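Counting from 1, the numbers follow the sequence of the chain as shown. Here the structure is a predicted model, which is why all the values come from computation and not from measurement. Atoms within each ligand, like the ligands themselves, are counted from 1 in listed order.
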Amino acid sequence: MPSLQKSSDLRRRMKDALKGGGTKAIEKQKAIGKLTARERIIAILDPNSFHEYDLFVEHAAKDFGMDKKSLPGDGVVTGTGSIRTKPVCIYAQDFTVAGGSLGWAHAKKITKIMDHAMKLKVPIIGINDSGGARIQEGVNSLAGYGEIFYRNTRASGVVPQLSVILGPCAGGAVYSPALTDFVFVVENISKMFITGPEVIKTVLGEEISMEELGGARVHAEITGNAHFYAMSEEECFGQIKQLISFIPWNNTKKAMSFPKKNPKTRRYPIEEILPTDPKEPYDVRDVIKAIVDDSEFLEVQELFAANIVVGYARLQGETVAFVANQPLVLAGVLDVDSSDKAGRFIRYCDAFNIPIITLVDLPGYLPGVDQEHAGVIRHGAKVLYAYSEATVPKITVILRKAYGGGYIAMCSHHLRADFVFAWPTAEIAVMGPEGAANIIFRKEIMEAENPDEMRKQKVAEYKEKFANPYVAATYGYVDAVIEPLETRSKLIHALEISTHKDEVTPKRKHGVPPF
Ligand code: HXC
């Protein structure tokens, strides 16, 4: 065949392969607000940066009429490209081809691009939109998932792994996203569950819709499986690009630097955020925005366990992570879910060289039978473990309450914070003044002529003595008591001098965290 003809043959083959599941199947997807696999990739990556591979891969399955079926690209699009000019590996399952179901060839395309990401030390982004294991391919489909899970685990803590759920993600398929670092979901489009409504109805007689069982909101708010929630695919892609701007490309790099910018202090006047009454709540995100560059804060898992706030921002153009108790929700207590959320986030930051700033204002761990039985001991221990294990720069600011176990857990010096600052409003004590006075002055209160008056007096006495930062400061557990207005400059200085922090950890294969 002459070369001109060969080129037109290539173009014809490409045109056929790029049709995916065909016009009708594509229209069905569009009708429910979904883009095609390639459109999604192009929308995420820098313009004209996508290079597709394995376009002509085909399955070799024979059973159940598969020998007569051609599945373009075997239902998944893979390739490389860039975001903010930095390289990434990416794949997108194509629901228009056999429901994006995963057969052996489909899995091989995914594992090949994952292997590239590991070799090239770049992030891997997976767009999930699939009916799960390709039923006709039996154990080969299961083998394919196993190969993906293995790679997800090997890549953990080496390159960032992002999972974008843009359709069904059913059965064992959910475990790949669950093994990755960040899961993105979109309202009405994402569906994740191990067993669907039909099976639940058959086995348990319970009726539930797909949305109620495993829709985007469920995973963003209740299960904590999702880290970012969007109302549309477009919003979701914006979140991916924003996240990518904050995290390093791999575990040997620092995140990219940005121009230094001051916070929008007039919108977030830091000295006015804390209410005069120490029992009144406030939004700790206002404190973060008062401190960080341009007041830009990217919150992770915003809707889940909202009693703790975690996310990324910049100080002097460099990425930092924040872990902050949220007095607006449950007074900012640590409980099962918030411990889980914080513990995992801290470990991610530590694996990827992101300094951690902790803002403390909590009355302790949440008491109650529910919490005890849900394993608050085991889950709460994750926070202690994650902070103690982390060797990135760790800076703590105690804003108000730091009581009991909460004081220790929220990156105290004892868990090896590098610097602990406290605002003059800080109260560092074993417990709140009311509880403490009731216990240690019980006899005096009971025997007093006016017990209520005596209780008030003793609470005031306790407050005067312990509900301040100065006792802790006399022991050196607080390095400096600072004015709120000084917070940004103190943090910037602490980070600058911690740039070359180098901590030796004990020789071991790995620890055994309480997960
Ligand atoms: C083969 C599949 C498929 C699958 C969908 N299709 N899922 N083909 N294997 N798992 C095909 C359909 O036959 C159909 O082909 C096309 O994809 C579109 O599917 P529809 O059902 O028409 O789409 P929709 O109505 O939107 O419903 C989507 C769906 C449904 C909810 C995902 O397809 C579904 O319930 N699929 C099965 C989900 C499931 O049980 N998966 C678990 C598999 S076991 P045609 O040719 O008609 O267009 C598993 C275990 C993995 O995943 C364990 C790993 C550890």
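Within 4.0 Å of ligand 1, protein heavy atoms belong to Lys28, Phe95, Ala98, Gly99, Ser101, Gly131, Gly132, Ala133, Arg134, Ile135, Gln136, Leu142, Tyr145, Phe149, Pro168, Ala170, Gly172, Met210, listed by chain and number.
There is no side-chain donor-acceptor pair under 3.5 Å between Asn353 and Asn251. Neither side chain, Ser101 nor Ser130, offers a donor N or O lying under 3.5 Å from an acceptor on the other. Judged purely by distance below 3.5 Å, without hydrogens or angles, the side chains of Asp46 and Ser82 pair a donor atom with an acceptor atom.
Applying the ring-ring contact (aromatic ring centres under 6.0 Å, His included) test to pairs two or more places apart or on separate chains, those with a residue in residues 328-375 are Phe182-Tyr348, Tyr312-Phe345, Tyr348-Phe352.
Atoms CG and NE2, from Leu102 and His106 in turn, are 4.5 Å apart once rounded to the nearest 0.5 Å.
A salt bridge is defined here as a Lys NZ or Arg NE, NH1 or NH2 lying under 4.0 Å from an Asp or Glu carboxylate O, and Lys254 with Glu318 meets this definition.
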